[in-house]
Amino acid sequence: MSSEDLATKYNSKETEVKWYSYWESQGYFHPKSDTEGKRFRDSRYVIVIPPPNVTGILHMGHALNNSIQDILIRWNRMKGNDTLWVPGVDHAGIATQNVVERKLAKEKKTRYDLGREAFLQEVWKWKEEHGNTITRQLRRLGASCDWSRERFTMDEGLSRAVREAFVTLYERGLIYQGHYIINWCPRCQTALSDEEAAHKEVEGGLYHIKYPIAGKGRQVRQTEVGQAEKVGEDHVVLATTRPETMLGDTAVAVHPRDPRYRHLVGKKVILPLMEREIPVIEDEFVDPEFGTGVVKVTPAHDPNDFVMGQRHQLAQINILNPDGTINQNGGAYVGLDRFEARKRVVEDLKARGLFIRRDSHLHAVGHCYRCNTMIEPYLSKQWFVRMRPLAEKALAAYYQGKTKFYPDRWTKVYLNWLEGIRDWCISRQIWWGHQIPVWYCDPCLEISSDKKKQGIIAARETPAQCPDCGNKNLRQDPDVLDTWFSSWLWPFSTLGWPDATDDLKYFYPTSDLVTAPEIIFFWVARMIMAGLEFLQEVPFRRVYIHGTVRAQSGFKMSKSLGNAIDPLEVIEEMGADALRFSMIMLSAQDVYLSREKFEVGRNFTNKIWNASRFVLMNLKDFSGGRLDLDLDLSKLSLADRWILSRLEQVSSAVENQLGDFGLSQASSELYHFVWNDFCDWYIELSKPILASVEKSKKEATQKVIFFVLERILRLLHPFMPFISEEIWQKLKAKACDQNLWPLTLSLASWPHEKAKRFENPEAQKALDILQRAVKGIRDLRLRLQLPPTQKLSAVIASDQSEILSVLKDHEGQIKILARLEGFDLKPSFEKTKAFVANAFSDFEVFIRIEGLVDPVKERGRLEHKIAEARSRIDLIQRKLADPDFTAKAPESLVQKEREKLVDAQRVLKSHEAHLELFQ
RNA sequence: GGGCGAUUAGCUCAGCUGGUUUAGAGCAUCUGCUUUACGAGCAGAGGGUCAGAGGUUCAAAUCCUCUAUCGCCCACCA
């Protein structure tokens, strides 16, 4: 085997390593920022990667997300745009801290044993050792990121950006600190944002409890029969899903217009177990329809109760420790875990005769999105971003058409969220992350009893002393910021913000954002707000939301569910190109994966490889390949003109699809073109010419096949970068104009020309005739179970001379493709019993069988065909008989129906005539 | 409780703004094949009243309404 040949089998592993390291080392993914204006800003194409977590390992969701981005990036790079794909990794505060804490736990240590400083060193160490797993894996996928611009949300520059953003917002009055009910994860022991509290339906209980009315002797009127259970002589019944929180109750509430309880308002009840008197208040919030119409009010442990508590100036009693155990405010229950406390509270209520019943109750409960622990609404002091003003800007930008969502239905989701936006709790009680750039001066804090910010210093640079009193002993807020507080700056922080770098000037705003629906709120919406707030410009023009990857079972694919397919295993086994192509083809909507689904891509790589082998084998004596075709088109064979015409159609279809994020449609367009048109027909039609001794004809076909394959590889390259490059390089060796060729396919130009120089409807029509003739004969041979070795001869009859001449011109090829000994062409043909036939509207094919066929079978076949034709004719006739149709449908359509009718009738007549012979 | 998506051949899915589609593809099934690249292949075949019911229209898988089943997202009803 000479070096210009392709091996019998495609070696994906070797190829992938070879080309990826070449591309990367040559800096092909590294655009320069061109602020000189040598190029138009319109010719930029920029994507920032959704930064995977440092703790992440590549899963199928990443594989899909990054394959899509890489296709868009490579496509744009080939189109000659200044194309930048900014990669990077997210520090993933809670997730990463959890990982390191788990590691410590194995050594029976906690983070508190180490202390903050030493713990953070541990995390950094972990990051150095394991943090580049995901970026290595992205390279294996083929992701053509500019690694020289790789960022980490905790690196120096991004940390600066975070401080800048925080302090700017603080100065604009958009950041505040306050005591509010937030979502608290007792396991992670930190606050969470609303978005981080994943609501899940849980089968819980609705506990009915009696609260005695204070001041015995006061009679409670029996309202109606049937209400007895709700309003007794000396108590009120209420319902709760979390009985243990009663320890912190500071009121009981009813609806102001609820007649059942009017008389109770203003009275007091005795909080059982705590033996505390609490008031009965009225509040519109209470739904008389729910439960008994009476609500216990726990301002420190329920968001609604908190608000209600503020309206009525109720005390807030926090009964929980940060770890979810009951604190000293919980009386006898101190120290118990919240769920244990629930049991005990219920038992004790039962013992006192105050427990009525537990109904089972389905309700949504928040769970920590990191560790899935049930969240507690918890009153604590946290930092918040006032989101309304930011959301207003984002809404305005949307209505100005600044950012568009694809598919469009996501805009509604996005807008709804913005319209109902709530403040963002950004402080986290963990250590791994950006520590809040706020310092306290304790002496000043003590002095300022009013609500001024005295003693609180938010600063970009660590302050040396208090600006008011000069105290040098400042204490930084121990909390860190929500991870998303750095992610929301990603599109510009990665480009150098807050510095006005060349990159920022040239590449911001970016072009597209490609991501999954899960993080529209977490990330996409916030990035848009941040972009508008800090740079007065939307961070990207278009947002492409692709489908979710699921296991075949329909569940989300995840390692913890054990239903994950490891993309690296697939790459190992079938190659990155196979993985990418399979996923993209399936990605028209949510992707349900199973192992077998990757076979499409694998088979396709195999097909491409072998077709290319064939081409290269037939170019042994050839070195006249060119980037552009230097042939007189009119002198090319029909097959050549046809494939060129199809190539052009497909190129522009792919171009159009890609422009609209129709990657799946584009990939399947290419798949069918390569497989069905190029391999099944064009290569087959070329074989006799390539084998012929007629040098000029052979050379012309060599040129065309070379040209078409080269274009195919370019079209395929964004989807399948490795195999296309490997073959392309071999092809390049056959070119006579190599000096015009780029060093790598990834820098070749995208083959889309506006001038339709190859468009050729005549060739397409002629080839269609040829294909039908061949298929018609093949069908007969198989249908009649004629032995393959049986020599056959055929007759093709048509009253259209153009058809006859097309077939005449390609006699040799038809003989090979249909495996005929020979055939005659006739303007008309008298059928005899010695023939079987297939009829088309414009011609008939006959095969001489000389009694080889069973007349009964043949009759059956013909009757079936006749029935088919009749039902078709019937359908068309009914349509044409409808006066509404002929009157209202466009004339061209009616005309078409008439033609269809004539065609169908011809087919019918042919079959009928033939059937008669076999009667 | 709201919103969104799905429902098309045994399986997995295309079918975008109604009319060249007699509703397609891939896998699976069946038949045949050492045809000078590919059996991960080649050549054929069978298989669907497009979830159901209404409606709009000359014309509906495609647009509208309702229903059913499945899935996702959002939501402070204790």
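Here the structure is a predicted model, which is why all the values come from computation and not from measurement. Throughout, protein chains are lettered first and strands after them, A, B, ... in sequence-line order, and every chain is numbered starting at 1.
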| When the nearest nucleotide of RNA chain B is assigned to A:Ile683 and to A:Trp417 on a heavy-atom basis, which residue is associated with the more 5' position? | A:Ile683
| field | A:Leu586 vs A:Arg778, nearer the 5' end of RNA chain B by closest nucleotide | value | A:Leu586
Classify the nucleic acid contact of [X] as base, sugar-phosphate or nothing, counting any heavy atom under 4.0 Å across all strands shown.
X: A:Pro890; answer: base
X: A:Lys412; answer: sugar-phosphate
X: A:Thr241; answer: sugar-phosphate
X: A:Glu599; answer: nothing
X: A:Glu868; answer: nothing
X: A:Lys900; answer: sugar-phosphate
X: A:Val286; answer: base
X: A:Asp882; answer: sugar-phosphate
X: A:Arg422; answer: sugar-phosphate
X: A:Arg602; answer: base
X: A:Ala904; answer: nothing
X: A:His301; answer: nothing
X: A:Phe604; answer: nothing
X: A:Ala611; answer: base

Consider the side chain of [X], meaning its heavy atoms from C-beta on, and name the nucleotide among [options] that approaches it most closely.
X: A:Tyr671; options: B:C42, B:G26, B:G19; value: B:G26
X: A:Glu684; options: B:C13, B:A78, B:C38; value: B:C38
X: A:Lys888; options: B:A37, B:C58, B:G5; value: B:C58
X: A:Lys597; options: B:C58, B:A78, B:U12; value: B:U12
X: A:Lys687; options: B:A37, B:A78, B:G19; value: B:A37

Is [Y] paired with [X] through a side-chain N to carboxylate O contact shorter than 4.0 Å?
X: A:Lys900; Y: A:Glu897; value: yes
X: A:Arg772; Y: A:Asp768; value: yes
X: A:Asp305; Y: A:Lys296; value: no
X: A:Arg595; Y: A:Glu573; value: yes
X: A:Arg870; Y: A:Glu863; value: no
X: A:Asp359; Y: A:Arg357; value: yes
X: A:Glu195; Y: A:Arg526; value: yes
X: A:Lys687; Y: A:Glu684; value: yes

Could you measure between the two [atom1] atoms, the one in [N] and the one in [M], and give it in whole Å?
N: B:G19; M: B:C63; atom1: P; answer: 11 Å
N: B:G18; M: B:G3; atom1: P; answer: 26 Å
N: B:U8; M: B:C13; atom1: P; answer: 9 Å
N: B:A9; M: B:A14; atom1: C1'; answer: 13 Å
N: B:A25; M: B:A45; atom1: P; answer: 10 Å
N: B:A40; M: B:U49; atom1: C1'; answer: 37 Å
N: B:G47; M: B:C64; atom1: C1'; answer: 33 Å
N: B:U12; M: B:A6; atom1: C1'; answer: 14 Å

Pairing partner (Watson-Crick or G-U wobble, both distances under 3.5 angstrom) of [N]:
N: B:G41; value: B:C33
N: B:C70; value: B:G5
N: B:U17; value: none
N: B:A23; value: none
N: B:A75; value: none

Value in whole Å for how far the [atom2] atom of [N] lies from [atom1] of [X]:
X: A:Ile777; N: B:C42; atom1: CD1; atom2: P; value: 21 Å
X: A:Asn606; N: B:C27; atom1: CG; atom2: C1'; value: 16 Å
X: A:Arg595; N: B:G26; atom1: CZ; atom2: P; value: 24 Å

| field | Any N/O donor-acceptor pair, A:Lys9 side-chain to B:A40 base, under 3.5 Å | value | no
| said: Whether the side chain of A:Glu669 and the base of B:A14 hold a donor-acceptor pair under 3.5 Å is what I'd like checked. | reply: no
Closer than 4.0 Å, any side-chain N/O of [X] to the OP1 or OP2 of [N]?
X: A:Asn603; N: B:G41; result: yes
X: A:Gln589; N: B:C72; result: no
X: A:His361; N: B:A78; result: yes

| Do A:Asn610 and A:Tyr10 have side-chain atoms, one donor and one acceptor, less than 3.5 Å apart? | no
